[in-house]
Amino acid sequence: MNIQWYPGHMTKAKRAMEESIKLIDLIVELVDARAPLSSRNPDIDYLARGKGRIILLNKSDMADQCCNDMWTDYFKSKGFYVVKINSRSGAGLKQINGIVQEACQEKIQRDRRRGILNRPVRAMVVGIPNVGKSTFINSFAGKACAKTGNKPGVTKGNQWIRLNKTLELLDTPGILWPKFEDQQVGLKLAFIGSINDEILNKEELALELISFLSDRYLNRLKERYQIDEIPDFSDRTAGSFYVLSHIAKVRGCLLKGNELDTGKAALLLLDDFRSGKLGRITLEVPEKTGE
């Protein structure tokens, strides 16, 4: 699959972020814990130069715990403050205020030397589409401040939210970057729902997901869909189609004449993965060499 998605509103959103950055003390970047590197927009590092940085590993409850720990260590080694969170349940959110104060310690002390005692920290919340920024803000604030939805592109423009006397957040739209140089990145983003599903061939995407999961998580597929025999994945295409056909059979995805509806089975599989019904899965781990 060749995946590219960069609608026009993202260019406008990026421009608005660039204009707002001079008002900002801190960048709070949400990434999807199932694909922490692929779900980072490389443009953010340039945009955020000279600012405090916090990375929130969101949806950490859906990712392998050992991999969450590996990614926490990885990002800390790169100079980021890191918190594992689940923005839906609120897990991890209580740590964030303290981390914000720690990340902005220099700025707070500088303000005090200038006689500015109570200016709130201004943090820009950034991330790719459907990574959970608005859900995070609403959970963190304890009220519905930002629009949410289980699809990319719900937040359309920048929105300031004053949480308390010490912290103001700027919610920003989810933006990608113009071209995925590595198509594996595009695939992972499609798996986790950060690409508009309407431009994707879901059956082809499901076959790619099965192939991807076969390396480390084949038993999850077997357990979820009652597959007794492990197909031979030396031929990835045949193995993946076997699994998808089996899913269609056990879940009653049928067309007229009892023909298997693999398209419907593909949607079912993608939904099961994205909702965590396949268990805790991480799609990538930090490289051990050269880090």
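Only heavy atoms go into these numbers, but all of them, side chains included; no hydrogens, no water, no symmetry mates. All residue numbers refer to positions in the sequence shown, counting from 1. The structure presented is a predicted model; accordingly, all values stated were derived computationally and were not measured.
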Taking [X] for the side chain and [Y] for the main chain, is one N or O donor matched with an acceptor at less than 3.5 Å?
X    : Y    : value
N130 : G193 : yes
R224 : G279 : no
N86  : N58  : no
N68  : S60  : yes
N201 : E204 : yes
E223 : L221 : no
T135 : G132 : no

Step-by-step side chain to side chain contact (heavy atoms under 4.5 Å, CB included) determination, Y81 to I55:
CA-CA 6 Å; Y81 291 88; I55 283 185; over 6 Å; no
Would a 4.5 Å heavy-atom cut-off, applied to side chains only, mark [X] and [Y] as touching?
X    : Y    : result
L283 : I192 : yes
V126 : I27  : yes
W5   : P129 : yes
L167 : P120 : no
S245 : T262 : yes
V121 : T166 : no

Going by the rule salt bridge (Lys or Arg N to Asp or Glu O under 4.0 Å), which residues pair with [X] if we only count those two or more places apart in sequence or in a different chain?
X    : result
R122 : E168
K84  : D69
R236 : D215

Is it true that [X] and [Y] fall in one hydrophobic cluster, defined by side-chain heavy atoms closer than 4.5 Å?
X    : Y    : value
L200 : I210 : yes
L269 : L255 : no
Y225 : L267 : no
F191 : M62  : no
L26  : I137 : yes

Residues at least two apart in sequence or cross-chain that pass side-chain contact (heavy atoms from CB on, under 4.5 Å) with N2, listed by chain then number, are Q4, Q183
How many angstroms lie between atom [atom1] of [X] and atom [atom2] of [Y], to the nearest 0.5 angstrom?
X    : Y    : atom1 : atom2 : value
Q105 : E102 : CD    : CD    : 8.0 Å
N138 : F136 : CG    : CZ    : 10.5 Å
S139 : L93  : OG    : CG    : 6.0 Å
W160 : L169 : CH2   : CG    : 8.5 Å
E203 : D261 : CD    : CG    : 8.5 Å
K59  : R274 : NZ    : CZ    : 9.5 Å

Can you list everything that forms a ring pair (Phe, Tyr, Trp, His ring centres under 6.0 Å) with W177? Sequence neighbours excluded, please.
F180
Kindly determine whether I54 and V82 satisfy side chain to side chain contact (heavy atoms under 4.5 Å, CB included), including the steps that lead there.
CA-CA 6 Å; I54 295 176; V82 187; over 6 Å; no
Would you name the heavy atoms of L278 and I281 that are closest together and state the gap between them?
CB-CD1, 3.8 Å
Of all heavy-atom pairs linking D272 and S275, the shortest is O-OG, 3.4 Å
Is the closest basic N to carboxylate O distance between [X] and [Y] below 4.0 Å?
X    : Y    : value
R119 : D25  : yes
R216 : D64  : yes
K133 : D171 : no
D271 : K202 : no

Of all residues at least two apart in sequence or in a different chain, which pass the side-chain hydrogen bond (donor to acceptor under 3.5 Å, both in side chains) check with [X]?
X    : result
K264 : none
D232 : S234
E208 : none
D111 : K107

Using the ring pair (Phe, Tyr, Trp, His ring centres under 6.0 Å) rule, collect all pairs that involve residues 232-273, keeping only residues at least two apart or in two chains.
none
If you apply the rule side chain to side chain contact (heavy atoms under 4.5 Å, CB included), what do you find for I85 with L57, and how did you get there?
CA-CA 6 Å; I85 69 166; L57 285 168; over 6 Å; no
Under a side-chain separation threshold of 4.5 Å, the hydrophobic residues clustered together with L254 are L260
Please determine whether the number of non-hydrogen atoms from other residues, nucleotides or ligands lying under 6.0 Å from atom NZ of K249 exceeds 12.
no
How far apart are the C-alpha atoms of F212 and K188, what are their side-chain angles, what is the distance that settles it, and do they pass the side chain to side chain contact (heavy atoms under 4.5 Å, CB included) test?
CA-CA 9 Å; F212 209 96; K188 291 171 194 173; 3.5 Å; yes
Take the angle between the ring planes of W71 and Y74 and call it parallel below 30°, perpendicular above 60°, tilted in between.
perpendicular
Distance-only criterion, 3.5 Å: show the donor-acceptor pairs between side-chain atoms of residues 28-53 and protein atoms not counting sequence neighbours.
residue: E29; atom: OE1; partner: R40; partner atom: NE; Å: 3.4
residue: E29; atom: OE1; partner: R40; partner atom: NH2; Å: 3.0
residue: E29; atom: OE1; partner: R53; partner atom: NH2; Å: 3.0
residue: E29; atom: OE2; partner: R40; partner atom: NE; Å: 3.1
residue: D32; atom: OD1; partner: R34; partner atom: N; Å: 2.9
residue: D32; atom: OD1; partner: R34; partner atom: NE; Å: 3.0
residue: D32; atom: OD2; partner: R34; partner atom: NH2; Å: 2.8
residue: S38; atom: OG; partner: E284; partner atom: OE1; Å: 2.8
residue: S39; atom: OG; partner: D32; partner atom: N; Å: 3.0
residue: S39; atom: OG; partner: A35; partner atom: O; Å: 2.7
residue: R40; atom: NH2; partner: D45; partner atom: OD1; Å: 2.8
residue: N41; atom: OD1; partner: D43; partner atom: N; Å: 2.9
residue: N41; atom: ND2; partner: I175; partner atom: O; Å: 3.1
residue: N41; atom: ND2; partner: L176; partner atom: O; Å: 3.2
residue: D43; atom: OD2; partner: K14; partner atom: NZ; Å: 3.4
residue: D45; atom: OD1; partner: R53; partner atom: NH1; Å: 3.2
residue: D45; atom: OD1; partner: R53; partner atom: NH2; Å: 3.2
residue: R49; atom: NH1; partner: Y46; partner atom: O; Å: 2.5
residue: K51; atom: NZ; partner: I21; partner atom: O; Å: 3.3
residue: K51; atom: NZ; partner: I24; partner atom: O; Å: 2.8

